[in-house]
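Below you'll find the structure, written out as structure tokens, and then a few comments.
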Number of protein chains: 2
Amino acid sequence: MEVTRQNYKDSLNTVYSAIEEADFLAIDGEFSGISDGPNVSALTNGLDTPEERYTKLKKHSMDFLLFQFGLCTFTYDQTKSKYITKSFNFYVFPKPFNRTSPDLKFICQSSSIDFLASQGFDFNKVFCHGIPYLNQDEEAQLREQTEERRNQHANGVGTPSYSSPSSKGTAHVPEEHKDYINRVIEKVEALFANSEKTLDLDPCTGFQRKLIYQTLNWKFPKGLHVETVETEKKERYIQVSKVDDEERKRREQQKQEREQEELNDAVGFSRVIHAISKSAKLVVGHNMLLDVMHTIHQFYCPLPEDLQDFKEVTMCVFPRILDTKLMASTQPFKELITNTSLAELEKQLKESPFKSPQVETAEGFPGYDTAQGQLHEAGYDAYITGLCFISMANYLGSFLTPPKAYISAHSKLIEPFFNKLFLMRIIDIPYLNITGPDLQPKRDHVLYVTFPKEWKTSDLYQLFSAFGNIQVSWIDDTSAFVSLSQTDQVQIAMNTSRYAESYRIQTYAEYIQGRQQDKEKLNQTPKSWGEDCWMKPPYTSATCAGFGYARGLRKRSISPAQGEQGARDAQITDGWSQSYPDSTGSKKMKTDDKSGLAIESKTSEGWLKTADASDSAGSSPVPDEEERSPEGNDAEGTVTWQQVHGKRGQKNKKKKSKGAKSTTSLFEVPEVW
Amino acid sequence: MEVTRQNYKDSLNTVYSAIEEADFLAIDGEFSGISDGPNVSALTNGLDTPEERYTKLKKHSMDFLLFQFGLCTFTYDQTKSKYITKSFNFYVFPKPFNRTSPDLKFICQSSSIDFLASQGFDFNKVFCHGIPYLNQDEEAQLREQTEERRNQHANGVGTPSYSSPSSKGTAHVPEEHKDYINRVIEKVEALFANSEKTLDLDPCTGFQRKLIYQTLNWKFPKGLHVETVETEKKERYIQVSKVDDEERKRREQQKQEREQEELNDAVGFSRVIHAISKSAKLVVGHNMLLDVMHTIHQFYCPLPEDLQDFKEVTMCVFPRILDTKLMASTQPFKELITNTSLAELEKQLKESPFKSPQVETAEGFPGYDTAQGQLHEAGYDAYITGLCFISMANYLGSFLTPPKAYISAHSKLIEPFFNKLFLMRIIDIPYLNITGPDLQPKRDHVLYVTFPKEWKTSDLYQLFSAFGNIQVSWIDDTSAFVSLSQTDQVQIAMNTSRYAESYRIQTYAEYIQGRQQDKEKLNQTPKSWGEDCWMKPPYTSATCAGFGYARGLRKRSISPAQGEQGARDAQITDGWSQSYPDSTGSKKMKTDDKSGLAIESKTSEGWLKTADASDSAGSSPVPDEEERSPEGNDAEGTVTWQQVHGKRGQKNKKKKSKGAKSTTSLFEVPEVW
């Protein structure tokens, strides 16, 4: 279903109920560009640390616009034994709300625009009919402005401005406007004397309108209703009406309601994201790090400086996410799937040993034909992503005894994949761990090499030809990481380069240390323009609580029904759940599994310490014990852990990486990579 | 006529001949945004110096995309006594030419996009079918790359790279690629042995392709044609064909022609601008400073740092320009025209004392209906701009004795308006003088005031209430220029502010001095990252000569015919003309009027000294002496200068500004403002 500014308001309840009834959601975004950096290889160095990668993406990707958002909801129908899907393709555009609202600038990257154009993307729909949106700050600011204007009109005076000479007099009119204002007063007095009901003043400036409001409210506190009206030519003028007290109140009321509605319209598409967030449903995406970053950046808040803070904000906005590209790149799928791009993945998951999922488009929703393919339309990509997830999840059921053909989105079997986002092209860190510390692979075999800018990859191969196979990860024109195949060669390489003039080699450890020192030096540089830029308070749980969930939403459509709450909490393995004490905000609560007590926490540390999904899975020897569908009647067969574990061990013997340690969980993402 | 990538090549000759036959051209651009600065008022301070304004526009406007370019050519038909118009509406988009070509990023401003959307602008046409373009550097680079690749294939080796270890061996194949390359050699040897004509290798990487080229050229210098082909999936593979020497040459020839054509396609829309430039025709625009800046920036070269250099580049690209907004804001039009926006101007110029110009759309060109109005389509805006110019030019004819109804684009009467670009919202400098020094108005009555960020305009009015009328020009949140109505009040204002704590007042002179000192301080700061950023060589005439005029163009269509040259030169009052010794470049020549000698100049100074159009006009007591149409048979009536001058003097008596000095020219722009 296509949703634009034109049918957005009418579709909102359909969207809300689709989210509410769903077992899981799939999302996808289309952007106006990918990277404004010098080139993609610099953006995605194979030996980035997660912090570096986050910083690069934040710096080089967030000025693009997410202008199409795909949402596909998947609801399992027990009787039909299939998923019912509802897919939405939202066109999103930051149309300025009014003259004072932010006039957003965004970057377009020619190659991305050209690519989307070649796929038949409809830019006119985005730019002419895109749904507007506001982030949390902008929304708050707009509400404040509306409130302030309301108070101003009610009191007849502006809020006093700090050390402002004009605030001394209540309705001070500058000399050169006095004539004008006096003429207005005369006209209004004439209105009182004659039989007309309303008086339309000539269009005038905002400053003049402010003076008129102040003067009229002060001179005629009763019997008048004053309002700004816009002509067809967008010129603004003031309309003065004679009214009795009751009429005046009624009009004020109407005006407030209108303002409220305009405000909700301005919040626009963000309300859909708020609803997804508040539902706390599993959100599935394919290679979704950029989608998550853009969604938060555009509809919640500017991304935090620090990766750790980003992880916290992500958990607030998307309490449970799963990346199908990571899933497909992990055992037991890794060896069955050769190409994890969305289009190829979808194809391969139709073939044995996988099964095409049973899905049906909900009545009244236009269906997608996967044979035709409308790839790179966000709604379609979200739909396909959901299908891939179902196929892979169901495949996991084949490891159970007895095997199960259907694995729900609430199954313990998929928990190892929760809250881990695929990291593109990092050699030894497959994912960003949103709910815990990231993997820290040893990089003893890695050298940092600097050289003249004329050098090419072949020059590096030549240079290291004595050390066997190498892997080159370009950093920029004059530097690269070179990974040797054997760590014991590192010292030899270092020694041979000692007297080289045109190039220079450092160990990875030396390189990291150097960067650290540079960073510290930078922090010590005296700064004349205020320390605060460098001293931002870390994002705390308060960030989370600060997200006011769309006040205009009907409570029914976003609060998980009380009856479902229990079943859901049982699925959350990190000891944390979202609780919604009221509809205006959310609090992060720690649920003690044994006592059932909810303890409020203001620090993030406790959360993260217990948040490692794999640890948690590892300590649950009978993972299916709590396995329940939302209806609670879908208990799955018992899995013999030793048997499955053995199976995996066999398969991976030759692949077992240095970092692996023995555990008891089935598909533990960090270890089976 | 709409021109997109689809009909561009077929339309090019139509465009060229329209330009060639025209008496003058009108242009207009539509952009993806106006300002990425904090707000427009900061971008256009009423007391900017021309240097400041240029720097601000360069900094805050050049990252937007000019994506629609309107060109309307006007050719006067003597027999019909009307202009024949041909209008073109070009959609322009920097579609990347290939993988290595620049992947341009551009900014979109929501308000601008929203505005264009509301006017029915077709974004799909821009992004899906926009004509690509290259600036001069990009074109040169691409030609170089093509040349290099050609040499590489011909020689079988890459150009040796500086201090590169791999350049030692001619066809060095890295260890890990040796197996692969050997297999390719075996396959090619098998091709020689069997009856097949061609061999398609599997798709491979660019590096592997390079190795294959090198190896095959070296091992099989004869009898093979090797070429890279692209599959439908955009995968690249190498095709090897058995050919005799003649066939091999023929194929090479074909390939080179194909490459040349691809290259011309990549230069794309820039060729139209080159043709406009080379024609040296009068180019008319409305409020055209941004159009000129964008055109140069996008199709010629990044804008120079310095305003003086910008002026030089502008004269190279557009040797004669006229801004209808400036014309309409200047005597004798200033007092007759109340609103100089294009739409309003067009309306007013249909009314007395002006006359609607006689125009006719050329056969085969779709006409515009000015009654309907398709404002903000670039082609239409260019058309309207041309109409406005004609009406205003013809109105000037009414001052002649006897009056003339038609004034040609080559008339001396319009020369005072040449090469002066309207400056938006600068109080005392109406235009940027492209061919001479800018006006330097006295700003003795101006104060520079800094204050707390809570202050509003009304606070400034309050503060200066004792000094009569003031004019406030905001700079930023905490500073503004305040112009007093009387200069003698300045010292009093300064004195009263001496002990103020919350605000601070400086004279304009003090402010300028302070800025100058800041600038010098900045230049003295030690810089570790190379001085060169601060030491850019000034743009010299060489910049101009560096513009290689579209080599692919047919000479016929862009070189002014020899016979016309004389008549044209006579119109150029600044002693400079463009001469085109060959079709690959242009040189700036100084033509000595008396001797007819052409002296080549490398410095810009001489040019500017003689470039003041008004000086030149002033020293021509018989201005109509050289007045000729391109056909040379359109001598205009004699104007009695004293009489006209008296007329003007009468009209302007009360408006006469301090800066005016007596001269003998009719419509001298600087003085009648």
Side-chain angles (χ1 to χ4, degrees), chain A residues 32-33 36 39 63-65 93-96 102-114 116-118 120-130 158 161-168 172 174-177 207 210-211 451-452 454-459 461-463 465 468-469 502, chain B residues 32-33 36 39 63-65 93-96 102-114 116-118 120-124 126-130 158 161-169 172 174-177 207 210-211 451-452 454-459 461-463 465 468-469 502:
Chain A
S32 64
D36 68 352
N39 59 60
D63 287 336
F64 298 107
L65 187 69
F93 182 73
K95 183 182 162 74
D103 182 10
L104 200 109
K105 285 106 196 170
F106 57 91
I107 301 181
C108 293
Q109 184 172 17
S110 310
S111 56
S112 299
I113 296 293
D114 184 47
L116 287 173
S118 73
F121 189 88
D122 192 338
F123 295 99
N124 285 341
K125 232 175 229 171
V126 165
F127 295 146
C128 304
H129 307 302
S161 58
Y162 169 77
S163 80
S164 147
S166 72
S167 65
K168 285 167 204 156
H172 172 79
E175 201 57 48
E176 69 278 23
H177 288 290
F207 184 64
K210 190 183 156 189
L211 292 176
F451 39 78
E454 291 79 10
W455 278 34
K456 292 175 181 149
T457 306
S458 55
D459 298 311
Y461 276 106
Q462 179 85 2
L463 185 64
S465 54
N469 262 336
S502 59
Chain B
S32 65
D36 69 351
N39 59 59
D63 287 336
F64 298 107
L65 187 70
F93 182 73
K95 182 183 163 75
D103 182 9
L104 200 110
K105 285 106 198 169
F106 57 91
I107 301 181
C108 293
Q109 184 172 16
S110 309
S111 56
S112 298
I113 296 293
D114 185 48
L116 287 173
S118 73
F121 188 88
D122 193 338
F123 296 97
N124 285 341
V126 165
F127 295 145
C128 304
H129 307 302
S161 57
Y162 169 76
S163 81
S164 147
S166 71
S167 65
K168 286 166 203 158
H172 171 80
E175 201 56 49
E176 70 277 22
H177 288 291
F207 184 63
K210 190 181 158 190
L211 292 176
F451 40 78
E454 291 79 11
W455 279 34
K456 293 177 180 144
T457 306
S458 55
D459 298 312
Y461 276 107
Q462 178 86 5
L463 185 64
S465 53
N469 261 337
S502 59

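None of these values were measured; they are calculated from a predicted model.
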A:Asp114: partners by salt bridge (charged side-chain N to carboxylate O under 4.0 Å, His left out), with sequence neighbours left out: B:Lys95
Side-chain (A:Ser110) to main-chain (B:Leu104) donor-acceptor, under 3.5 angstrom: yes
B:Ser111 versus chain A, the contacting section by heavy-atom distance below 4.5 Å: both
Residue A:Asn124 versus chain B: region with a heavy atom under 4.5 Å: both
A:Lys105 NZ to B:Phe64 CZ distance, which is reported to the nearest 0.5 Å: 6.5 Å
Residue part contacting chain A, namely of B:Asp63, when any heavy atom lies under 4.5 Å: neither
Max heavy-atom pair count under 4.5 Å with chain A, selected residue of B:Pro96, B:Pro94, B:Cys108: B:Cys108
B:Phe106: ring pair (Phe, Tyr, Trp, His ring centres under 6.0 Å) partners, not counting sequence neighbours: none
Heavy-atom check, side chain of A:Phe93 versus side chain of B:Ile113, under 4.5 Å: yes
Most chain A-contacting option - heavy-atom pairs closer than 4.5 Å, from B:Ser112, B:Ser32, B:Cys128: B:Cys128
Most chain A-contacting option - heavy-atom pairs closer than 4.5 Å, from B:Phe127, B:Tyr461, B:Phe121: B:Phe127
